[in-house]
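Here is the structure we will look at, set down as structure tokens.
These numbers come from the heavy atoms of this one structure, side chains and all, not from hydrogens, waters or symmetry mates. For reference, positions follow the sequence shown, starting with 1.
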Amino acid sequence: MASSTLMASLSCHKPNQVLTRGSNAVSLAINGKSFPSLKMGSAPSRFRISCAATPETLDKVCGIVRKQLALPAESAVTGESKFASLGADSLDTVEIVMGLEEEFGISVEEESAQSIATVQDAADLIEKLIEKK
């Protein structure tokens, strides 16, 4: 049932897009430019697709970022907010990661921490690390 839901959601495309479906792959072309196929293998008995962190996690991360950067409560901090745009330097980013580790009881590897550019990146990483626990 999950693959039929995926196929149904992929069938909603615009006129300048061509969607090609095979038995276990989906290809997309937009304005004549082809994009790689999405291949679907056999799904395990528990099928789950995770694209983004929960709203609760995102809200917590926004609050921690706001607190660590001493931003006013009314300042706009969203998933799309980039740490650099919020005025964070590299030390601020390290302090934000430390605050996230403490709040969520996780440990973020240095390599993973360096890949965080937005609030959403941080929230998604947290969800991934919590799921591994």
Side-chain angles (χ1 to χ4, degrees):
M1 180 160 169
S3 63
S4 63
T5 303
L6 176 63
M7 289 298 185
S9 67
L10 290 173
S11 66
C12 299
H13 56 86
K14 296 179 179 167
N16 61 345
Q17 298 175 349
V18 177
L19 187 66
T20 308
R21 289 180 261 187
S23 61
N24 66 349
V26 177
S27 298
L28 177 65
I30 300 174
N31 294 328
K33 184 175 180 182
S34 295
F35 294 89
S37 296
L38 170 65
K39 297 196 187 308
M40 297 181 294
S42 60
S45 59
R46 190 174 143 195
F47 184 74
R48 181 175 176 212
I49 296 176
S50 179
C51 296
T54 64
E56 295 81 17
T57 299
L58 185 58
D59 287 344
K60 278 187 178 181
V61 173
C62 288
I64 291 167
V65 169
R66 190 175 283 113
K67 178 182 172 188
Q68 290 291 340
L69 297 177
L71 298 172
E74 65 277 359
S75 65
V77 178
T78 67
E80 293 80 30
S81 298
K82 294 183 179 183
F83 292 145
S85 299
L86 296 171
D89 61 19
S90 58
L91 180 58
D92 291 322
T93 303
V94 169
E95 290 175 350
I96 289 168
V97 170
M98 290 171 57
L100 296 172
E101 288 176 325
E102 185 178 320
E103 174 68 28
F104 292 95
I106 56 171
S107 179
V108 178
E109 299 294 324
E110 185 177 339
E111 184 177 300
S112 296
Q114 291 176 353
S115 70
I116 300 171
T118 67
V119 173
Q120 186 70 53
D121 292 342
D124 291 343
L125 179 61
I126 289 165
E127 294 276 324
K128 182 179 170 185
L129 293 172
I130 289 173
E131 192 173 288
K132 285 184 178 180
K133 281 177 113 177

Starting from the C-alpha separation in whole Å, work towards a yes-or-no answer on side-chain contact (heavy atoms from CB on, under 4.5 Å) for Lys128 and Lys132. CA-CA 6 Å; Lys128 182 179 170 185; Lys132 285 184 178 180; 4.1 Å; yes
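The closest side-chain heavy-atom distance from Leu100 to Val108 is not below 4.5 Å.
To the nearest 0.5 angstrom, Glu127 atom CD is 10.0 Å from Ile106 atom CD1. With values rounded to the nearest 0.5 angstrom, Asp92 atom CG is found 6.0 Å from Glu95 atom CD. The distance from the CZ atom of Phe83 to the CG atom of Asp121 is 7.5 Å, given to the nearest 0.5 Å. With rounding to the nearest 0.5 angstrom, the CD atom of Gln114 is 11.5 Å from the CD atom of Glu109. The CG atom of Leu129 lies 11.0 Å from the CG atom of Asp124; values are rounded to the nearest 0.5 Å. With rounding to the nearest 0.5 angstrom, the CD atom of Gln68 is 10.5 Å from the OG1 atom of Thr93.
Across all their heavy atoms, Leu69 and Ala88 have their closest contact at CD2-CB, 3.8 Å. Between Ala76 and Ser81, the shortest heavy-atom distance links the atoms O-OG, 4.0 Å. The two atoms that bring Val119 and Cys62 nearest to each other are CG1-SG, 3.8 Å, heavy atoms only.
A continuous path of hydrophobic side-chain contacts links Val65 to Ile130 [ILVMFWY only; heavy atoms under 4.5 Å].
Residues Thr118 and Gln120 have side chains that never bring a donor and an acceptor to within less than 3.5 angstrom of each other.
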